[in-house]
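The sequence lines fix the lettering, A, B, ..., with proteins before strands; numbering per chain opens at 1.
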2 protein chains.
Amino acid sequence: MTLRHAILGLLSKWDATGYDIKKEFDDFMSIFWHSHLSQIYPELNKLETEELVTSRLIPQEGKPHKKVYSITDGGIEEITNWVGSPPEIPKIKDSFLMQVFFMDNISVDQVIFQLKYYQGVRQKRLDEMKLTVQEAWKSIKERQTMTPRLLMSSAVLRRGLEQEVQYIKWCEETIQLVEACKSLWDPDASLDSVLPFEEAKDLMEEYFNAAVGLEED
Amino acid sequence: MTLRHAILGLLSKWDATGYDIKKEFDDFMSIFWHSHLSQIYPELNKLETEELVTSRLIPQEGKPHKKVYSITDGGIEEITNWVGSPPEIPKIKDSFLMQVFFMDNISVDQVIFQLKYYQGVRQKRLDEMKLTVQEAWKSIKERQTMTPRLLMSSAVLRRGLEQEVQYIKWCEETIQLVEACKSLWDPDASLDSVLPFEEAKDLMEEYFNAAVGLEED
DNA sequence: AAATGCATGTAATTGGTTACATGATTTC
DNA sequence: GAAATCATGTAACCAATTACATGCATTT
């Protein structure tokens with residue numbers, strides 16, 4: 001039940017229609033949230049009956065009317081309370097990592113293909129994000145003003161960027177590891193002509209230490 | 001609809017009860033998946049009617065009976081197909097990042113408190129994970145064998161670890177940035193006695209470059 | 001005496017996705 | 001001529017969470 005906070009948060013800054021909110025979700029906020037119009041519209045109605053927001057109709061020519069929402073004092077109270085409330089531990093669902101986890105069921109070539117493909121998908125996302133940052137950065141430099149608003153949204157943006165950068169790097173390093181350990185997938189890996197354990201161990205240790213110190217014997 | 005694949009993936013390795021599956025989700029697999037028993041049991045029944053798994057009852061003394069599930073050939077086909085299918089772009093929901101995004105609504109002190117608190121939560125998770133890695137690592141070294149199964153699950157573990165490490169680092173660096181820009185939250189920030197724009201700009205540039213090159217003019 | 005673990009499930013509710021419905025304007 | 005954008009919504013369906021229900025054994 002955090003959709004309401006996503007909406008109230010946005011409305012604490014600007015008045016907006018359901019359609020505007022959806023665009024904001026898909027654009028900047030996509031780093032941490034998403035939703036469908038068919039969920040946003042009913043939620044806005046609920047918020048209105050709870051008197052956390054108000055709306056007014058704005059007729060337009062050639063286009064459908066707009067229903068512009070504004071936040072109320074009650075809404076402001078709700079959102080500030082929520083922002084200051086204890087953060088929850090995120091419950092992750094990363095279906096790609098799950099695929100990786102079960103990739104001993106497919107061939108090495110398929111494994112490498114999947115990792116490369118996903119790396120590409122992530123790279124595309126990163127490129128798009130970089131454009132967003134550059135635009136945001138440009139407008140900040142033009143306006144010559146820094147505000148808490150700008151600061152905190154930049155922090156979120158940076159987090160989004162580095163998340164992509166890191167996932168891409170992980171793909172790269174994992175591809176390398178899999179390629180080095182290719183022979184483990186051989187059907188007759190029991191004949192230990194393939195990859196001696198010690199070698200695999202060293203490769204794995206290097207792979208782990210590239211990201212994080214294991215700090216044990 | 002990926003819960004079915006989480007279950008089938010596990011059953012492609014060992015026979016298990018719904019209760020076992022839940023424990024595996026909460027333990028190792030928590031890096032990328034989670035679910036409730038009340039969702040797992042019905043899903044297992046569905047999988048059985050679709051003949052992707054079979055079950056047998058094992059009576060026990062003093063404890064309730066066990067319903068142990070095994071994967072069928074059809075189930076194996078389903079899971080291998082899925083593992084090799086095009087990965088989907090993850091739709092993130094990170095409510096903490098959303099809180100951060102809207103933290104211009106609360107005081108600097110509260111902002112710093114929230115970031116520190118969350119850093120602690122993540123640190124705890126990291127510590128737990130490190131124990132898991134060390135145990136896994138120990139048993140690998142004892143058995144002196146490396147398999148695709150072990151390799152791919154280690155890759156996922158490393159991803160989980162580095163995710164935590166990085167989030168913690170981000171918290172740290174963001175706390176530093178916020179502390180350096182504290183005066184922006186002053187009510188009379190209009191009097192530009194507070195933090196000159198150029199200084200803020202430099203701090204921000206440093207903050208971004210610590211994680212990712214902006215590579216523009 | 002109370003809480004946790006083992007082990008199964010159902011029922012009710014909320015959250016989220018996909019499909020349907022409308023209709024003018026602009027871009028490809 | 002088709003697709004996308006603007007702008008609102010409803011209905012049906014699927015996924016996920018919370019609550020309810022049972023019951024014995026062990027740990028605190």
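In this structure, A/R143 forms no cation-pi arrangement with B/F197, as its terminal cationic atom is not both closer than 6.0 Å to the ring centre and no more than 45° off the ring axis.
Using cut-offs of 30° and 60° on the angle between ring planes, the pair B/F32 and A/F102 is perpendicular.
The number of heavy atoms from other shown groups lying within 6.0 Å of CG (B/D73) does not exceed 12. Other residues, nucleotides and ligands place no more than 12 heavy atoms under 6.0 Å from the CZ atom of A/F113. Atom NZ of B/K93 has more than 12 neighbouring heavy atoms from other residues, nucleotides or ligands inside a 6.0 Å radius.
Between the P atom of C/dA24 and the NE2 atom of A/H65 lies a distance of 15 Å, rounded to the nearest Å. Rounding to whole angstrom units, CG of residue A/D20 and C1' of D/dT8 are separated by 13 Å. Remark: C1' of C/dT18 and NZ of A/K22 are 13 Å apart, rounded to the nearest angstrom. C/dG5 atom P lies 11 Å from atom CG of B/D26, rounded to whole Å. In this structure, B/K66 atom NZ and D/dG23 atom P are separated by 21 Å, rounded to whole Å. Rounded to whole angstrom, the span from the OH atom of A/Y19 across to the P atom of C/dG23 amounts to 18 Å. For B/I89 and C/dT17, the CD1 to P distance is 13 Å, given to the nearest whole Å. Nucleotide C/dA7 holds its C1' atom 10 Å from the NZ atom of B/K23, rounded to whole Å.
The listed nucleotides are C/dG16, D/dA7, D/dG23; the one nearest the side chain of B/K93 is C/dG16.
For A/Q60, a side-chain nitrogen or oxygen approaches OP1 or OP2 of D/dA7 to under 4.0 Å. Look at A/K67 and you'll find a side-chain N or O under 4.0 angstrom from OP1 or OP2 of D/dG9.
Looking only at atom types and distance, the side chain of B/E48 has no donor-acceptor partner in the side chain of B/T54 under 3.5 Å away.
Residues satisfying the salt bridge (Lys or Arg N to Asp or Glu O under 4.0 Å) test with A/R149, not counting sequence neighbours, are B/D104.
Within residues 30-54 of chain B, the residues having any heavy atom closer than 4.0 Å to DNA chain C are, in order of number, B/L37, B/S38, B/Y41.
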